[in-house]
Amino acid sequence: MAGIRGYWTLAAAAIAFRLLLLLCFPKDLHLGSRPEVATPLTSLRRLAEGYWLKQASMSPYSGSMYHGSPLLLSFLGQLTIRRVEGRPPHFYCSLMFVVVDFITAILIRATGQKLLLSRHKSFQVLNLSKLVEASGTVNPGDFASLVYLWNPLTIVTCMGSSTSPVDNLMVVMAIYGACSRIAPLAAFGWVFATHLSLYPIILIVPVILLLGYGLDAPPSKLFLHKTSDASSSGALNQSPDKSGASKLTDNTIHTFSWVQVLHFVLWVFIWLCYVLLLSSISLEDVGGLSEMFRKTYGFILTVEDLSPNIGVLWYFFAEVFDFFRNFFLIVFHVNILFMILPLAIRLKHRSCFLAFVYIAISSMLKSYPSVGDSALYLGLLALFCNELADMHFSFFLFCGYIGVSLLSPVMHNLWIWRGTGNANFYFATGLAYACLQTVLVVESVSSMLKHDRMLRKLVKA
Amino acid sequence: MAAEAGDGKPQPGRRPRSRLIVRLGALLVAHSVLVSVVCCIAGSIAFLLLPVLAKNTYVSENALMPGSANPMFSSHDVVEANRFLKEILDRGSAKVTGTEIAKLIGQHVVDVGAELYYHKFHPHGNQFHPLHFFSSITNTMEMQYNSSCTLFGLNSVGIIRAPRGDGKEAIVLVTPYNSQNIGQSEALSLGLAFSIFSLLSRVTWLAKDIVWLAADSRYGEYTAVDSWLKDYHNPLFLSNSGKIGTGVCFEENILHLLDQLKVKGPGYNIFKRAGTMAAALVFKVIEKKEKEERDSLTIYAEASNGQMPNLDLINIVHYLAVHRQGLRVKIGSMHSLLKAAWLKFVGEMLQLFGKLTKHLNPKWKFDITSAEYVEGTATLASSIYYQALGVPTGSHGAFRDYQVDAITLELSPRFSLNNENNRSAFLLRGGRLIEGVIRSVNNLLEKFHQSFFLYFLTAPHKFVSVGVYMIPFALLLAPLPIVSAALFSGNDNLGVSTEKVNQEPGCIGSSDTELRSGSWKWLQAAKVVFMIHLWAIIVSLLPYVLSQFPLTTPITLLLVWAALSICILLIFYLIFGACSTHCGWELLKSVMIAAASTGLSLMSVINFSTAQIGAMLIVPMCLLVQPLRKQMQAGVCRKAVLVICNLTIAVVGFPPVALLIAKGVCEDFGKAGVGAFWELAQLLWSWNSATYLYLLWIHLPCWVLCLHILLYPCIGRSSKA
């Protein structure tokens, strides 16, 4: 298992680069006011406002400024009011986000190592050790974690005073917990991620699959094929390791470990109660839980804020007639739910990849997307660099992401500051971005399926 | 799209029938050479045809109604203007201090019954700061006030509150004058402005406030107007400014000044505002050497980074000037092109062609005379040049940064201004013109939005809109993604073919590695391209470091800049040189073209003219470049043509050479020296021109990569296959 040489140097350089940005540009980078970076849900400025309201013993949700979790208020609120002379306004928060980014990267790395181990194991079982040697050149964990740390979108999110790094950490924590079968951690990550941004609720499917079936592996049919093969040939040469292998496959494939899942459900229940309790304590005198649900989940689901962002919903709901609004709200949200079941059936043997696909789809169709979401799924995509080695359109996607991320601020400037463009200019980049994400998801899924097909061909050969 | 289609080129055998769009893309990619030649030629022809395709302007916003009311500016106002002019000239000849004229203007403004205040400003030096390109206007408020307190200018501002308005909107009149040394023409423009101002204070139809800014152009017109606008839009609270240390200096000086001015009354140093600006007119009188048949009016419209005011503003000025006041309207044109023989030839060909088409079908309106064509082209060229430079052509440019439409009107009389009768007639025409424009703008219900913002002028009454001028650019740019995809898929096919060879059961492992390197091999090339772009960014920031050192002459600065850049490039090559040879030159070229096309399309949104000129240089360079060693293998004739083409384009594509040629065509070859480049670069960054960024972030790396490919050591993989 050859890691990337100088992983720690590169990771430390990424952290140092963030600190350098933080220290060298005290005022000039106004990333927090960019619509691409900070959405109404994740903006730290709004959080500071909510904290101030709460300190004045008013509901933090009054005035439609803050729409995040009350726990974040008590967690980050203290940091938002501390100022240092000559530093950005949210200096301490940014420092904390640097740490959060680092933890996320470490968790991604651990997940990747687990994935690599399981891949090697299943290849050994399938007698494809040559493939292991060939593909062992890149350690997906190191690679993905470096991709996450050095991704410009992650850096911008980290610097841009938005709370997305925390959301991302929770999602990654859920995936890591599920991958390493630590049910409490998985439950914690999932409950908090859902609490913070609602959309990770769909991750319950891959998390349960991961806990039940174990990590990503080639389709179970292959193992069955191999087992029958081995048993037929095992009568001939009586080799002990082969029969051992077949036993191993029996163990890995056929059991869906209900114990783990029940354990997970129990812990979900515990954490859920805990979160609700903490929130209700935090909002005891001001509003209470019903207002929290209305102002956070309600705000996400009804798309109240139509200020421009890189998604497509704001434009659509600014144009749509009022009496169709509810109908289209349902249509857009069900869009995400529709994809859950088919994808889960097709990719159930690759649950971690399934989690990536879900995150990518939800970050494409969510009501207030930001580049922080793309930073997360691009980091997770790199976990599957060995499986997706022959992905099509990689160059096109790369150019597209660079082009869109450069064009989007320019179009925004043309519309808002120069006044020579209009909303369509900016929306066009949002549309192009959505297309790119669609191509990315479609291509990655199809090349993953192609990879499985290739494995089957090799096993049967 | 083409790139996408190119990447998804169907692999033969596996998928015999793919989607139509993919097949279409594959067809385009397969004939990329033909497509690129056709597109480039079509693009160039379409570019030359732009003056023919220009349409007549028309007033698009109905509310403007130019010329619908009778002008109220009468001979009485002319008399007033003349009186004011005499007073200024009397004071000016005395030359007591710089504030005499401001004091005079102040007295008259107060007499008319308008509000008055003085705005004091400090000229700020042209400092290079890399982040000024990106930060929005509001952030640049904290300028360097620490320049000495003794250097300052004094703007006098008069405001008429509209009797029918709500004080939410305003129209701004600007007359720049040099308070140190005032000439007759400047005094005349002040007189004209004052007579219009006093007329407007009496009329009943005003719905928008009128602000008259007599800008002290001692340190340049632009500085005066710009600092006034900055203060207008960014309220400066004295409690905040106390800690900067300018408050004290400010207070002291203004009190001292007001003592000098001897104007009594409350709040002449308090900054007053009058709502958002609907439009601004900068006007001045210039006495020209050459005499013409009629009084003439020159319009300047280009603001920073090629932004233009709304076309309707130019339309109403042109309509009123030509059809009401009988002035001759001019806009800037490139004089060297007017005499160019080749242009005349093209014009005659077009004229012939137009006659031919008219003969075929009289409905086709394609007729343009040769002279018209030449004139249109010269005007268009100057329009493109000034937009591409990204430097405003006058103080109206300061307004555009705040989304205010503004133009400069330069009135020049037919005869000498010393003649009283001529002067009065001239003043009457000018006054009526400006009154008419103000009356039209006063009718506006919303800010200008109906007409175009993105256009070129080919004559004062003819324009090329964005929909038309994008066509040549798009044609020029179209080959880039196609060629990039062709190169890329050509490389991909190689990978596929080797994969097929290795598909035998024995060598599964090697097939996998081959596949892997085939699909993601472009990452190596992307790394090289990224490194070069990183180098370019460092080079573009070097002047900031250099300006900290006490080097004075532009030539030394330029030489140090060049030497440092080359050193850094060499260091980059030493560190990362090993990786650059792993990937074939085709991939490198493909990635380079992708980067160039992204950069060009980005630039076309920011400043179209720069992108257009840049595309004409970069596109042939990118398409033609091939390693010299590979070219040597071709036939003698083809070899010679290829090598000569490549070398010429490589020389012309170098930004300083390109700038030299551009300057030479526009002005004069004689004046250009080595230090001129530094001065030009200084000009560009001091005006925050995006052209500087384009030249150094897109053009320069592209050129370096082209050189890299030209000198590529090994022969590409395609020759092996």
Side-chain angles (χ1 to χ4, degrees), chain A residues 24-25 27-31 33 128-138 385-386 388-414 416-422 425 428-429 432 435-436 439 443 447 450-451 454 457-458 461, chain B residues 1 3-9 129-132 134-137 139 142 305 307-308 310 400-401 403 405 447-449 452-454 481 484-485 488 492 495 499 505 507-513 515-520 522-523 525-526 587 590-591 594-595 597-599 601-603 605-606:
Chain A
C24 286
F25 301 102
K27 288 185 195 115
D28 292 320
L29 296 171
H30 285 265
L31 289 172
S33 52
L128 293 172
S129 37
K130 271 177 188 161
L131 214 57
V132 175
E133 280 160 28
S135 67
T137 47
V138 176
C385 54
N386 288 320
L388 301 180
D390 52 349
M391 193 170 130
H392 282 312
F393 299 120
S394 54
F395 182 50
F396 166 70
L397 284 170
F398 181 75
C399 292
Y401 267 91
I402 289 181
V404 164
S405 52
L406 291 176
L407 208 57
S408 171
V410 170
M411 289 297 194
H412 191 259
N413 178 274
L414 214 61
I416 300 292
W417 291 109
R418 285 204 195 173
T420 49
N422 54 36
F425 284 50
T429 60
C435 288
L436 276 180
V439 173
E443 280 309 312
S447 60
K450 210 188 282 167
H451 179 74
M454 187 195 80
K457 218 184 278 172
L458 290 177
Chain B
M1 274 294 114
E4 173 196 355
D7 288 353
K9 204 178 173 228
H129 198 273
L131 277 167
H132 280 188
F134 307 109
S135 52
S136 53
I137 331 142
N139 308 328
E142 291 163 41
N305 280 328
Q307 302 181 75
M308 298 289 278
N310 196 296
R400 188 61 237 176
D401 293 339
Q403 287 199 33
D405 296 293
K447 59 180 284 197
F448 282 107
H449 68 281
F452 296 89
F453 282 103
L454 307 168
S484 172
F488 192 83
D492 225 27
E499 177 202 353
C507 31
I508 300 157
S510 68
S511 145
D512 190 67
T513 44
L515 206 67
R516 155 165 200 81
S517 60
S519 176
W520 289 91
W522 57 267
L523 275 177
L587 264 185
S590 161
V591 177
S597 62
T598 312
S601 44
L602 203 66
M603 197 58 211
V605 178
I606 299 172

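- Neither the backbone nor the side chain of A/L436 comes within contact range of chain B; no heavy atom of the residue lies under 4.5 Å from a heavy atom of that chain.
- Of the residues considered (B/V591, B/N310, B/L523, B/L454), B/V591 shows the highest number of contacts with chain A, using heavy-atom pairs under 4.5 Å.
- Considering only residues two or more places apart in sequence or on other chains, B/N305 meets the side chain to side chain donor-acceptor pair (under 3.5 Å) condition with none of them.
- To the nearest 0.5 Å, atom CD of residue B/Q307 and atom CD1 of residue B/I606 are 11.0 Å apart.
- For a heavy-atom cut-off of 4.5 Å, chain B lies close to A/F398, A/C399, A/G403, A/L406, A/L407 in residues 398-408 of chain A.
- Taking the six-membered ring where the residue is Trp, B/F488 and A/F395 present parallel rings, their angle staying beneath 30° rather than reaching 60°.
- B/Q403 is linked by a side chain to side chain donor-acceptor pair (under 3.5 Å) to B/K447, counting only residues two or more places apart in sequence or in another chain.
- For B/S590, the parts lying under 4.5 angstrom from a heavy atom of chain A are both the backbone and the side chain.
- For the pair A/N422/B/H449, no side-chain contact is recorded, criterion being any heavy-atom separation below 4.5 Å from C-beta on.
- Scored by the ring-ring contact (aromatic ring centres under 6.0 Å, His included) test, B/F452 finds B/F463 as partners (sequence neighbours excluded).
- For A/R418 and B/D401, the salt-bridge test fails: no basic side-chain N is under 4.0 Å from an acidic carboxylate O.
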Decide side chain to side chain contact (heavy atoms under 4.5 Å, CB included) for B/M308 and B/D405; before the verdict, give the C-alpha distance in whole Å, the side-chain angles of both, and the deciding distance to 0.1 Å.
CA-CA 8 Å; B/M308 298 289 278; B/D405 296 293; over 6 Å; no
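- For the set A/P409, A/G419, A/G421, the count of heavy-atom pairs under 4.5 angstrom toward chain B peaks at A/G419.
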